[in-house]
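Here is the structure we will look at, set down as structure tokens.
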Amino acid sequence: MTTAHSSGPKGLRYQPDERPPAALSLGLGLQIAVLSVAAVILIPTVVMRTAGVSEAYLSWAVFASVAVSGVATMLQAIRVGRIGTGHMLVMGTSAAFIALCISAVEEGGPALLATLVVISSLVPFVLSARLSLFQRVLTPTVSGTVIMLIPVTVVPAVLGLLSAVPAGSSVFAAPLSALAVVLVIVGIAWKASGALRLWAPVIGVVAGSVVAAFFGLFELDPVAGASWIGIPANEWPGFALDFGPAFWALLPAFLLVAMIATIRTVTSAVAVQRVSWRRPRAVDFRAVQGAMNVNALVNLLSGLAGTVPNSALTIGVSVTRLTGVGARSVGFAAGAVFVALAFLPKALALALAIPDPVLGAYLAVMMVMLFLVGVKISAQDGIDLRKGLIVGIGFSIGVGFQAGLVFPEQVAAFAGGLFRNAVTAGGIAAILMTLFVELTKPRRDRIETEFDLSVLPEIREFLGAFAARNGWDTAMADRLDAAGEETLVTLVRQNEERRERRKRRLSLVAYKEGDGAVLEFVAASGEDNIQDQLSMLGDQADAALAEREVSLRLLRHFASSVRHRQYHGKDIVTVHVKAPQPARPPKV
């Protein structure tokens, strides 16, 4: 029976709630920040230079982007109320907004960009508040597909970086520099353990930089010319409040891309939970909501500062897989380093001085690891024909649109080329296919009652009638009855242990799926996750938990799978019950 995914990451040294040595946290945080800051700087630089703004405003936009990314990463590392994930989730400028931000600055200047970013920051807030309503759409299948497509969007950048060498350089400069990075990182990851493995990314980048320096690719003049400490002149653009034609033409596209960027944050928050715990855990969607709220807050800050919006980066997931360190203190350290770098122009110049082929090779290794994470997430609940088609078609559409293989003229002309991004095109395709599957499922029976054990006879009557309408025999009706009872008992007991006195409502939805049934309980939130408790049966040492364990064991016996999603203020428990197989006649 499936209660959680099968195995946790091997070699994990520190979970999010554990404290590694301060030197280790700072060292890994420094690695992540230094290796990520170039991308954080590059996106606003591309936007502002393409749009033709002044160098003074470009300096301001880069400073604001780095500082906001640092604040966002620190907020993700904490978890206070509905803010933050409590995991190492690195934030940075969002490449999905590049084309729209260029158009906004060209049409109405930085003031129009600031206005559109502030308004689009409401999208993550709204989606977070109603995340439980989207749980049928933002499935592991969709999330895994989006994560698998992120490396596809990075391929053009990687190829560009790998071949970006000054004119007259040796033909061996770029390939040998990149090869040194890949061989060192992969070799250490395969063969090393302990502290050496933790430093695999930075050792690889240093090795590649040494090779690049031998070919004259490492330029130190910009570093020498930069000041040690400084802050650019205040170039805050204000807001464009005339709401002219340019605003209304760009607003729908900004809102759509904000939704896609939010889905990326959701998938990153799911992925970082998958790789950060030794024992497999069900995804805590309250932490996902916290990640979305941080995304909304920092996009509001980005808009107020007049720079490019933020979204979650996936480097934290890859670094955790590679180093075995998922402690939240590393994320907090990385955010603090980001903020410090914003005030250190010489440090920013040093990060930007890393040769492009070296950065390209490092990025390629990280994207390979991320692709594998996406594959595992999409397959965590099993792959049937429908899920396989969603993953396959969504991925193919994303690759085809990104490469210009599918109606290139029409795609380029629609919404400013919005769907030429693999994550946008493939993600929306996967969502639409998931919606179609949901809308074409068999009719759902529903009952709403008080959230109390006293309603058990009413639920039994409801499940009995549901079984009769679908033509199931007594054995299947009894199995549904037992699964429903044990799920209700477990949920109510959790609520009683929290001493929750407010009146709650319970909604139960039942529908046929294949040769079995699905029961979906929507009730008050509890602290414990039933899915996790089922996976830990037998490990409980406290005798007081014996009664609860009886209900859990019965539930595991009658249900083929249990999935528990916890949101702020709501629990959704989905129980799959297979029809009993008819007894085989004895052999003669």
Side-chain angles (χ1 to χ4, degrees), residues 1-6 130-144 266 270 273 280-286 288 377-384 386-387 390 434-435 437-449 451 459 462-463 466-467 470 476 479-492 494-495 505-526 528-535 551-552 554-579:
M1 158 181 171
T2 303
T3 57
H5 42 182
S6 59
R130 294 291 181 264
L131 183 59
S132 62
L133 299 179
F134 299 100
Q135 54 93 17
R136 298 187 193 280
V137 177
L138 301 179
T139 62
T141 304
V142 172
S143 299
V266 170
V270 170
Q273 291 186 57
R281 292 189 175 194
V283 174
D284 185 352
F285 285 94
R286 295 168 299 184
V288 175
I377 289 177
S378 62
Q380 73 179 55
D381 290 336
I383 292 289
D384 57 18
R386 288 176 296 184
K387 293 177 182 177
I390 290 172
T434 303
L435 279 173
V437 170
E438 287 296 322
L439 293 174
T440 56
K441 281 185 175 180
R443 184 176 68 90
R444 299 170 185 263
D445 292 3
R446 181 185 302 272
I447 184 175
E448 186 170 325
T449 68
F451 184 38
I459 289 178
F462 166 77
L463 292 176
F466 167 70
N470 285 280
M476 180 59 173
R479 180 170 288 193
L480 287 171
D481 182 277
E485 177 181 351
E486 300 308 330
T487 304
L488 178 64
V489 168
T490 303
L491 282 171
V492 170
Q494 283 186 359
N495 196 60
R505 301 290 293 175
L506 173 69
S507 175
L508 172 57
V509 177
Y511 59 93
K512 186 176 182 179
E513 186 172 84
D515 61 348
V518 177
L519 307 180
E520 187 174 86
F521 294 78
V522 181
S525 290
D528 297 323
N529 188 287
I530 296 175
Q531 190 174 335
D532 289 338
Q533 292 178 57
L534 286 169
S535 68
S551 292
L552 291 172
L554 288 171
L555 178 58
R556 185 168 66 177
H557 174 73
F558 291 113
S560 58
S561 71
V562 176
R563 187 179 178 203
H564 188 178
R565 290 163 297 226
Q566 293 176 290
Y567 304 89
H568 287 292
K570 185 177 292 186
D571 271 85
I572 300 178
V573 181
T574 305
V575 181
H576 290 256
V577 181
K578 288 185 177 180

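When all heavy atoms of Met476 and Lys578 are compared, the pair lying nearest together is SD-O, 3.8 Å. Minimum interatomic distance between Phe466 and Ala517 (heavy atoms only, all atoms of both residues): CE2-CB, 3.8 Å.
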I would like to know whether Leu488 and Ile459 meet side-chain contact (heavy atoms from CB on, under 4.5 Å); could you show each step before the answer?
-> CA-CA 9 Å; Leu488 178 64; Ile459 289 178; 3.8 Å; yes
Evaluate the side-chain contact (heavy atoms from CB on, under 4.5 Å) criterion for residues Leu480 and Leu519: first the C-alpha distance (whole Å), next the side-chain angles of each, then the deciding distance (0.1 Å), finally the verdict.
-> CA-CA 8 Å; Leu480 287 171; Leu519 307 180; 4.2 Å; yes
Pair Val577-Val575, side-chain contact (heavy atoms from CB on, under 4.5 Å): steps then yes or no = CA-CA 6 Å; Val577 181; Val575 181; 4.0 Å; yes
List the steps and the verdict of side-chain contact (heavy atoms from CB on, under 4.5 Å) for Arg446 and Ser507.
-> CA-CA 7 Å; Arg446 181 185 302 272; Ser507 175; 3.5 Å; yes
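For the atom pair CD (Glu486) and CG (Asp481), the distance works out to 9.5 Å, reported to the nearest 0.5 Å.
With contacts defined as side-chain heavy-atom distances shorter than 4.5 Å, the pair Val288/Val270 qualifies. At a threshold of 4.5 Å between non-hydrogen side-chain atoms, the residues Glu520 and Leu508 do not count as touching. Side-chain contact between Asp284 and Gln273 is present, with at least one heavy-atom pair separated by less than 4.5 Å.
If you run side-chain contact (heavy atoms from CB on, under 4.5 Å) between Lys512 and each of Asn470, Asp445, Val518, only Asn470 comes through.
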